[in-house]
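Here is the structure we will look at, set down as structure tokens.
Computed from a prediction, not measured in an experiment: that's the story for all the values here. All chains are named by letter (A, B, ...) in the order of the sequence lines, taking the proteins before the strands, and each is independently numbered beginning at 1.
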Amino acid sequence: MSLSREEMAANVARDIPDGAYVNLGIGQPTTVADYLRPGSGVILHTENGMLGMGPPATGHEIDPDLTNAGKQPVTELPGASYFHHADSFAMMRGGHLDVCVMGAFQVSVTGDLANWSTGAPDAIPAVGGAMDLAIGAKQVFVMMTLFAKDGRPKLVPECTYPLTGRGCVSRVYTDVATFAIGAEGVRVVETFGISVEELISSLCIPLVSSPEI
Amino acid sequence: MSLSREEMAANVARDIPDGAYVNLGIGQPTTVADYLRPGSGVILHTENGMLGMGPPATGHEIDPDLTNAGKQPVTELPGASYFHHADSFAMMRGGHLDVCVMGAFQVSVTGDLANWSTGAPDAIPAVGGAMDLAIGAKQVFVMMTLFAKDGRPKLVPECTYPLTGRGCVSRVYTDVATFAIGAEGVRVVETFGISVEELISSLCIPLVSSPEI
Amino acid sequence: MTAVIMAAAEAVSVVKDGDTVLVGGFGMAGMPVELIDALIEHGAGDLTIVSNNAGNGDTGLAALLAAGRVRKVVCSFPRQSDSWVFDGLYRAGKIELEVVPQGNLAERMRAAGAGIGAFFSPTGVGTPLAEGKESRVIDGREYVLEYPIRGDVALIRAHVADRMGNLVYRKTARNFGPVMATAAAVTIAQVSRIVDIGALDPEAVVTPAIFVNRLVAVSAPAASSAPTAPAASSAPTAPAASSAPADRQEPA
Amino acid sequence: MTAVIMAAAEAVSVVKDGDTVLVGGFGMAGMPVELIDALIEHGAGDLTIVSNNAGNGDTGLAALLAAGRVRKVVCSFPRQSDSWVFDGLYRAGKIELEVVPQGNLAERMRAAGAGIGAFFSPTGVGTPLAEGKESRVIDGREYVLEYPIRGDVALIRAHVADRMGNLVYRKTARNFGPVMATAAAVTIAQVSRIVDIGALDPEAVVTPAIFVNRLVAVSAPAASSAPTAPAASSAPTAPAASSAPADRQEPA
């Protein structure tokens with residue numbers, strides 16, 4: 001059985017080291033926070049100027065001056081700090097975040113990431129902080145379904161969509177398998193309801209398997 | 001009669017606009033603060049990370065964590081703010097200070113400033129924040145005796161000492177005259193105990209006089 | 001000169017046709033809505049607006065765009081669930097757009113404020129947003145050369161100011177305010193409250209007064225229902241969006 | 001990882017022979033004297049020290065130099081009235097010196113911490129300190145290209161830390177600390193006091209914990225007789241120089 005979005009988020013959460021400084025991208029990656037082990041000591045960064053971001057705000061906690069990168073109301077944890085945008089992005093771009101988690105349209109076998117534009121001629125371009133996160137975090141985890149709605153694989157020999165960052169992705173968490181991207185190429189770390197042989201035949205890329213699979 | 005150092009400092013202070021943000025260099029320029037009109041609203045910047053610096057600290061006010069650029073203990077005025085070194089120098093280099101006042105070995109007719117090194121082979125080079133101040137403040141005022149101890153003029157056709165900054169000085173306050181440096185060249189603003197003719201004959205530079213002299 | 005306290009209409013009258021105006025805020029958090037309203041009233045047009053987004057809903061920046069006063073928007077993320085005003089103008093070819101990665105946007109304004117002529121940025125390398133830009137490999141890593149973004153005027157929202165113009169902000173409404181304040185020839189700050197000189201802790205001032213030219217007190221800013229006490233963390237009283245939609249295209 | 005609290009000796013044991021060590025302080029204000037003492041005890045040598053000055057008197061940085069552990073000093077102002085240790089080593093040809101204008105020194109470390117590959121600086125143009133460096137005219141003004149300064153380790157002194165490593169400083173002892181904390185692979189902060197998580201105001205944190213790896217509590221730092229309460233401004237009790245001489249060559 002392929003994984004639900006929640007199970008994918010749990011897989012990502014499991015690989016985040018205790019005490020790591022982490023930025024969770026807008027949309028699906030935001031849900032990874034729900035699966036962090038209590039007491040993990042993971043500290044969340046939000047690009048709009050905060051470390052120590054807490055869970056979504058509800059009811060009387062909602063404060064329009066306290067939002068995440070998706071502009072949703074959030075809360076503040078003890079030990080939080082606020083800083084301005086240049087400092088926040090210096091933190092990202094300077095390589096201080098341990099992990100960031102983002103969605104993707106495509107990831108290439110060399111870790112190129114495409115997640116901001118489909119290149120459609122009528123689309124309004126918008127990139128936000130994705131390019132800064134992609135090149136800044138020590139590890140970039142991608143969370144996506146392995147196949148697009150039209151069935152085409154999203155883990156590809158080379159990205160056909162406009163790039164967000166080059167050679168930056170180290171792990172890809174999908175509904176049917178988890179991959180590690182490194183010097184040796186793409187390694188299958190785990191599969192879910194699919195064999196490595198089926199994976200190989202459905203993807204047009206070279207794969208190596210972890211010994212334990 | 002040529003001016004005392006105190007009178008030179010008073011001349012500089014007189015030309016600092018009310019409410020200006022000002023950096024006073026180490027040594028003689030520091031004394032300009034003593035001659036600012038009470039209520040002038042001038043706000044002093046110190047390169048080591050403070051706006052709103054007050055007078056020197058004495059007795060029980062002395063705090064080793066609160067010093068000026070000369071590492072002398074100072075005080076804090078209401079409305080002060082502290083910031084780190086990169087922010088302090090961004091303030092200087094970004095053109096936000098209205099006036100800085102510095103000493104000089106030489107100033108050229110085009111406003112070049114030499115005040116950090118005599119180029120002596122055995123000297124230990126040291127520049128501090130002088131080069132940043134020279135290029136950063138909206139106006140650079142120099143305060144110096146017009147002649148060196150050996151009698152040579154310090155307002156020169158071209159600096160022979162290593163430069164601190166190019167074309168940055170707008171006013172030169174000396175013991176025998178005050179000069180303005182601008183597009184039209186060097187203008188004598190005021191003289192003290194010396195005639196313009198004597199000035200011209202003792203300096204090897206073209207001078208224009210203010211109409212009022 | 002320390003900051004001068006004035007009404008919004010007078011404060012924004014410094015904006016001229018054709019100016020580049022830096023507008024604070026990340027979405028509505030930190031957006032100086034009352035200053036923008038005054039700018040609409042003032043009437044200056046042909047503006048270039050530099051802001052993280054291109055307006056939300058029908059107020060603030062969106063209202064300025066709707067009034068036809070903006071020639072060009074420089075931002076990182078124009079397309080949001082509620083950016084219909086910008087979307088319509090853009091699709092009708094009535095507005096120019098320069099998309100800048102958010103970190104480059106912040107750093108380019110920081111460079112303007114800090115006197116940096118240009119800098120080699122790690123962001124955008126190998127992407128369409130670096131096309132045509134100078135690049136260089138330094139210590140084995142490729143960078144793109146980026147230039148400062150300066151404003152004629154910055155409109156920002158802070159929380160509390162003292163009468164000199166020192167500013168503190170509130171939570172993530174801080175965002176672009178401190179950077180924009182350094183990058184504009186004239187910075188106008190809308191604040192919830194103006195206190196006496198000496199009332200702010202010098203260690204906690206975020207924007208020193210040297211960067212602030214004009215102060216406008218707006219006791220109940222439309223963009224925020226934040227309490228006015230600097231240290232307060234109690235709940236705001238006005239309603240707020242309880243489930244703001246994600247503003248990025250979700251690729252997954 | 002949030003900061004780990006340890007003794008000075010253990011904290012500085014991360015320094016290896018040949019490392020580049022960023023040392024905070026402007027003169028003695030903000031100088032992490034106890035960390036430097038521990039580093040002398042630790043014994044690592046062949047160090048490159050990046051600091052604003054090159055030591056004062058016979059303690060702190062000066063003691064490290066006197067112990068023969070430093071190959072090179074990168075600073076803006078080595079020559080001071082009480083820099084006899086450095087002066088002697090320099091004149092004896094026993095130490096290298098790179099003089100960097102103070103603003104370039106701060107900005108180059110800031111660039112290292114912010115991921116900037118290089119930047120065009122307005123400072124030093126046309127002076128001997130720009131000789132041999134790439135320059136460029138941008139918008140009619142000349143700039144010099146400056147590169148980041150990275151540290152293997154930063155030794156800084158702050159005032160109060162919480163147990164995560166968030167730091168606040170005290171008055172002008174803040175100086176280079178926040179910048180150096182961002183520019184080193186390992187940042188060690190000496191503080192007067194460590195408080196519980198939540199005890200610092202999130203709006204007033206100057207160095208977020210992400211930049212701090214090791215915390216060392218020194219209840220009575222030798223370099224300062226500052227009171228330990230964060231907001232206190234009462235008089236210190238230890239004597240201090242009442243008429244420190246100017247540290248710059250006075251040209252007038």
Side-chain angles (χ1 to χ4, degrees), chain B residues 16-23 36 39-54 63 65-67 74-100 129 131-140 165-166 168, chain C residues 1-5 22 106-119 148-151 154 158 160-169 178-187 189 194-215 230:
Chain B
I16 293 177
D18 281 1
Y21 288 94
V22 176
N23 184 297
L36 293 169
S40 68
V42 168
I43 296 159
L44 297 182
H45 172 266
T46 181
E47 67 188 21
N48 48 325
M50 181 188 197
L51 274 172
M53 181 173 69
D63 179 340
D65 285 346
L66 180 50
T67 68
V74 292
T75 52
E76 167 193 305
L77 295 180
S81 55
Y82 296 101
F83 30 84
H84 63 58
H85 242 83
D87 280 350
S88 182
F89 277 77
M91 203 177 276
M92 290 157 68
R93 295 147 60 105
H96 303 283
L97 293 175
D98 296 302
V99 177
C100 84
M131 288 186 180
D132 304 288
L133 272 174
I135 59 86
K138 288 175 196 158
Q139 290 196 80
V140 175
R166 278 200 314 221
C168 56
Chain C
M1 295 293 294
T2 57
V4 180
I5 300 169
L22 316 180
E107 188 72 17
R108 289 174 65 186
M109 288 189 281
R110 194 246 171 214
I116 303 296
F119 60 92
I149 297 177
R150 288 184 188 84
V160 179
D162 71 15
R163 291 179 176 279
M164 286 176 71
N166 290 302
L167 303 180
V168 295
Y169 299 80
V179 185
M180 289 178 170
T182 71
V186 177
T187 292
I194 299 173
V195 298
D196 283 341
I197 293 171
L200 295 179
D201 177 0
E203 303 280 6
V205 167
V206 174
T207 295
I210 193 171
F211 296 118
V212 181
N213 305 97
R214 298 171 175 212
L215 282 177

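Residues of residues 79-87 of chain B placed with any heavy atom under 4.5 Å of a heavy atom in chain C are listed by number as B:G79, B:A80, B:S81, B:Y82, B:F83, B:A86.
The minimum heavy-atom distance linking C:M164 with B:P78 is given by the pair SD-O, 4.1 Å. For the residue pair B:M53 and B:L77, the shortest heavy atom distance occurs at O-CD1, 3.7 Å. Heavy-atom minimum distance, B:T46 versus B:T67: CG2-O, 4.3 Å. When all heavy atoms are compared, the tightest approach of C:T182 to C:M109 is OG1-O, 4.2 Å.
In this structure a side-chain-to-backbone donor-acceptor pair under 3.5 Å is missing from C:T187 to C:A154.
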Inset, instruction - Take B:Y21 and B:H96, measure what ring pair (Phe, Tyr, Trp, His ring centres under 6.0 Å) needs, and give me the verdict at the end. - result: CA-CA 8 Å; B:Y21 288 94; B:H96 303 283; 9.8 Å; no
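In summary, of the residues considered (C:L167, C:T2, C:V4), a side-chain contact (heavy atoms from CB on, under 4.5 Å) with C:L215 occurs for C:L167 alone.
With sequence neighbours excluded, the residues that form a salt bridge (Lys or Arg N to Asp or Glu O under 4.0 Å) with B:D98 are B:K138.
Options C:D162, C:D196, C:N166 differ in how many heavy-atom pairs under 4.5 Å they form with chain B, and the most are formed by C:N166. The candidate from C:G113, C:G115, C:P148, C:A114 with the greatest count of non-hydrogen atom pairs under 4.5 Å with chain B is C:A114.
Only the side chain of C:R110 has a heavy atom closer than 4.5 Å to any heavy atom of chain B. Both the backbone and the side chain of B:L97 have a heavy atom closer than 4.5 Å to some heavy atom of chain C.
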